[in-house]
There are 2 protein chains.
Amino acid sequence: MDIHAVAKLAHVSIATVSRTINHIPTVNPKMAKRVWEAIRELDYFPNTQARALVSGRSRLLGLIVSEITNPFFPELIQGFEEVAVENGYEVLIGSTNYDPERMKSCIRRMVERNAEGVAVMTFGIEQPLLDQLADRKIPLVFVDVAPNRPGMSVLRVDYHHGIRQGVQHLAALGHRSIAFVAGPLRLHSAQSRLAAFKKALQECGIPVEEKRIIEGDHTMEGGLAAAARILEHKNLPTAIMCSNDMLAIGVLHKLSRSGLQVPGDVSIIGFDDIHMAEMMIPSLTSIQMSRSDLARAAVSALRTHLEGSTPKREYTIDTHLVVRESTGFPRGTMTRLRKFTAKRAESAAESTQ
Amino acid sequence: MDIHAVAKLAHVSIATVSRTINHIPTVNPKMAKRVWEAIRELDYFPNTQARALVSGRSRLLGLIVSEITNPFFPELIQGFEEVAVENGYEVLIGSTNYDPERMKSCIRRMVERNAEGVAVMTFGIEQPLLDQLADRKIPLVFVDVAPNRPGMSVLRVDYHHGIRQGVQHLAALGHRSIAFVAGPLRLHSAQSRLAAFKKALQECGIPVEEKRIIEGDHTMEGGLAAAARILEHKNLPTAIMCSNDMLAIGVLHKLSRSGLQVPGDVSIIGFDDIHMAEMMIPSLTSIQMSRSDLARAAVSALRTHLEGSTPKREYTIDTHLVVRESTGFPRGTMTRLRKFTAKRAESAAESTQ
DNA sequence: CAAATCCCAGTAAACCTTTACCGCAAATGT
DNA sequence: ACATTTGCGGTAAAGGTTTACTGGGATTTG
């Protein structure tokens with residue numbers, strides 16, 4: 001059931017069949033029709049391996065993520081796959097689990113399978129591996145940071161925009177004491193988030209207090225631990241911003257179990273806006289970066305490298321605040337408000353005297 | 001940078017290189033050593049396409065899931081991938097989003113890429129597609145139900161065991177009025193869960209009340225809607241069991257928003273035990289089916305078909321209850337308990353008189 | 001009417017590897 | 001010492017497709 005069978009049935013040569021399949025315009029419509037009929041008749045599929053072998057194009061894109069069970073990634077993968085398939089590519093997925101050894105094996109698999117381009121959506125990649133890909137002229141896309149080399153693009157996430165929105169939101173509600181639970185600071189993305197937070201505080205005129213910044217590990221357990229440390233302090237912050245939603249969920253749990261109300265006593269903001277954020281009780285205010293934008297940008301970056309058009313080196317990915325139930329006025333606001341209005345009423349009474 | 005380069009550098013023929021790489025024992029250790037050195041020197045990778053073309057083995061396994069963003073699946077994918085890679089296979093992932101058209105395109109892609117075997121972890125597959133795979137002698141694995149044909153295996157999930165444990169757990173706590181929020185009944189898995197629930201009720205001596213069974217759709221929104229319908233009834237059940245965790249989370253939300261306590265007023269049990277179940281407040285009692293068992297069984301089923309050993313047609317996947325915070329005594333139990341102990345104290349007083 | 005041009009289909013090489021088969025050399029047996 | 005076996009490396013075919021090149025027939029031009 002190969003191309004010869006089709007050629008025989010359609011009474012043409014295999015070259016004509018090949019040309020027909022590949023929509024090469026020099027083929028006579030009459031013959032093309034015969035060929036398509038034969039193809040349908042035999043239910044023929046071209047052999048991708050043979051195709052890839054001779055054309056040198058595997059139509060395979062690699063996608064390397066940190067861990068597929070981290071709910072941020074499946075949405076990313078879905079988007080990536082969808083766009084890739086739209087463009088006639090297949091996706092090879094690799095997950096590193098933050099293990100450089102596994103990263104190595106992922107890269108190896110990508111090279112062995114002749115992936116035409118690879119998107120690296122996890123921690124940085126080591127130099128020797130990078131060379132391996134660069135030697136083979138395989139285009140790469142990174143998130144946040146990338147070596148400035150030909151064939152490599154970077155998706156720069158604008159952490160600052162979303163995080164500033166979050167801080168402004170809290171500031172507008174009246175929060176002045178905001179803690180930050182950071183991710184593992186060896187990860188670039190975690191560092192960027194922390195830096196954006198500090199900058200946003202300054203912009204809102206809130207002093208940065210280092211003791212209110214705690215390093216976690218982007219998991220729920222990390223959030224539990226971080227919240228425990230926050231609770232040890234004598235004066236509790238009125239709001240906690242987290243480097244990702246898993247941390248925020250952990251914090252939420254710990255606070256609940258300690259008898260604190262969210263947002264009554266403490267407001268919480270997460271980051272990523274994973275599906276789960278919406279499902280928590282209270283639902284989690286979070287900062288979203290669009291997974292589908294990220295996926296779309298990654299594929300189109302790779303495509304520009306592959307299809308010869310002039311590649312952009314940088315793509316910007318937006319972030320923005322999604323307000324839900326976990327943020328509210330700081331505790332005591334209501335009491336103060338009552339006092340304030342009472343006072344005003346008093347002074348009003350005085351003035352009318 | 002092909003096999004010839006290695007052969008030249010090692011001063012052997014390409015056949016020897018090939019044999020060395022494939023660990024064929026008839027090659028002289030001395031030459032093998034030279035070959036390995038040359039391979040390392042040149043950083044040579046065999047071309048997978050060419051290999052697949054000539055050997056007829058793509059070392060590719062297909063995995064078709066419903067939707068990758070449904071948190072049940074990423075864990076499954078992770079397990080499947082891990083086991084596949086351990087056995088020298090790569091994984092091609094396809095997601096159907098419950099759309100038969102997309103299923104068709106998934107199958108097509110699997111065939112085009114010459115997947116050696118395919119695991120179908122979603123709704124049933126239509127006859128023509130099945131034939132397409134069967135014609136090409138591609139082994140298949142299904143969940144729950146499969147046509148009895150050579151080359152096809154089925155992973156039979158023992159829904160009954162876990163669900164019975166759940167019902168027994170509720171019964172032991174004193175629940176007699178238990179509602180069930182089913183999944184979409186056109187899905188076999190949803191039907192099986194409902195059937196298992198009914199059977200378990202009977203085994204525990206609790207009458208089955210059809211009006212307490214509601215069809216949902218395995219999403220959080222479905223859970224919200226189902227809970228709304230349950231709240232319309234005059235007498236509320238004391239416990240609600242759900243066909244999956246997403247439904248349970250929806251129900252939990254609706255009840256919370258309606259001012260009901262979980263488990264104080266109503267107990268909830270989910271199914272699947274997705275990661276999220278543990279993160280809810282209260283954390284969700286759920287019935288787990290091991291994703292890693294499922295993945296492992298799927299790969300090993302395909303492997304037995306591929307590597308010629310005698311294939312098993314059926315594999316059984318276990319389920320079991322994981323008790324967390326969302327289940328407790330039925331409402332009023334405490335009041336009744338107090339009355340009971342008071343009464344007993346009374347009669348004890350009488351008898352000692 | 002002959003020559004030139006053009007269109008398009010067919011032939012064959014190439015892509016890179018595996019593997020059946022051949023043959024050489026050394027070892028063993030008589 | 002010769003015949004037979006054994007071990008092992010090399011040669012070449014095969015796998016299914018794309019594509020450069022070739023060439024035949026039709027159409028146009030002089």
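Order of the sequence lines sets the chain letters (A, B, ...), proteins ahead of strands, with each chain counted from 1.
- Using a 4.0 Å cut-off between a side-chain N of Lys or Arg and a carboxylate O of Asp or Glu, A:Arg156 and A:Asp318 do not qualify as a salt bridge.
- With rounding to whole Å, A:Gln49 atom CD is found 10 Å from D:dG16 atom C1'.
- The distance from atom CE of A:Met31 to atom C1' of C:dG10 is 10 Å, rounded to the nearest whole Å.
- Note: CZ (A:Arg113) to P (C:dC16) measures 17 Å, nearest angstrom.
- Here the C1' atom of nucleotide C:dT19 and the NE2 atom of B:His23 are 17 Å apart, to the nearest Å.
- Considering only side-chain N and O atoms, A:Ser18 lies under 4.0 angstrom from the phosphate OP1 or OP2 of D:dT18.
- For the residue pair A:Tyr89/A:Arg57, the side-chain donor-acceptor check at 3.5 Å is satisfied.
- Closest to the side chain of B:Ile3, from the set D:dT11, C:dT17, D:dG16, is C:dT17.
- Across the protein-nucleic acid pair, B:Lys8 atom NZ and D:dG9 atom P stand 21 Å apart, rounded to whole Å.
- A donor and an acceptor atom, one from each side chain of B:Ser153 and B:His305, are located under 3.5 Å apart.
- Residue B:Arg19 places a side-chain atom within donor-acceptor reach of the base of D:dG10, judged by atom type and a 3.5 Å distance cut-off alone.
- Dashed line: the shortest gap from a side-chain N or O of B:Asn47 to OP1 or OP2 of C:dC15 is not under 4.0 Å.
- Of the residues near DNA chain C, A:Ala15 and A:Val54, the one whose nearest nucleotide (by heavy atom distance) lies more toward the 5' end is A:Ala15.
- Distances shown here put a side-chain N or O of A:Asn22 below 4.0 Å from the OP1 or OP2 atom of D:dT18.
- For the pair B:Phe45 CZ and C:dC16 C1', the computed distance is 16 Å after rounding to whole Å.
- With D:dG10, D:dG15, C:dT18 as the candidates, the nucleotide lying closest to the side chain of B:Ser13 is D:dG10.
- For the pair A:Tyr44 and D:dT17, the criterion of a side-chain N or O lying under 4.0 Å from OP1 or OP2 is met.
- Atom CD of B:Glu112 and atom C1' of D:dT17 are 13 Å apart (whole Å).
- Comparing B:Ala50 and B:Ile14 by the nucleotide of DNA chain D whose heavy atom lies nearest to each, the residue mapping closer to the 5' end is B:Ile14.
- Candidate nucleotides D:dG9, C:dC16, C:dT19 were compared by shortest atom distance to the side chain of B:Asn28, and D:dG9 ranks first.
- One can place CD1 of A:Ile24 at 12 Å from P of C:dA9, the figure rounded to the nearest angstrom.
- Geometrically, A:Arg186 does not engage A:Phe123 in a cation-pi contact defined by less than 6.0 Å to the ring centre and at most 45° from the axis.
- One finds a salt bridge joining A:Arg109 and B:Glu81 here, because a Lys/Arg side-chain nitrogen approaches an Asp/Glu carboxylate oxygen to under 4.0 Å.
- Residue A:Thr16 has a polar side-chain atom (N or O) positioned under 4.0 Å from OP1 or OP2 of C:dG10.
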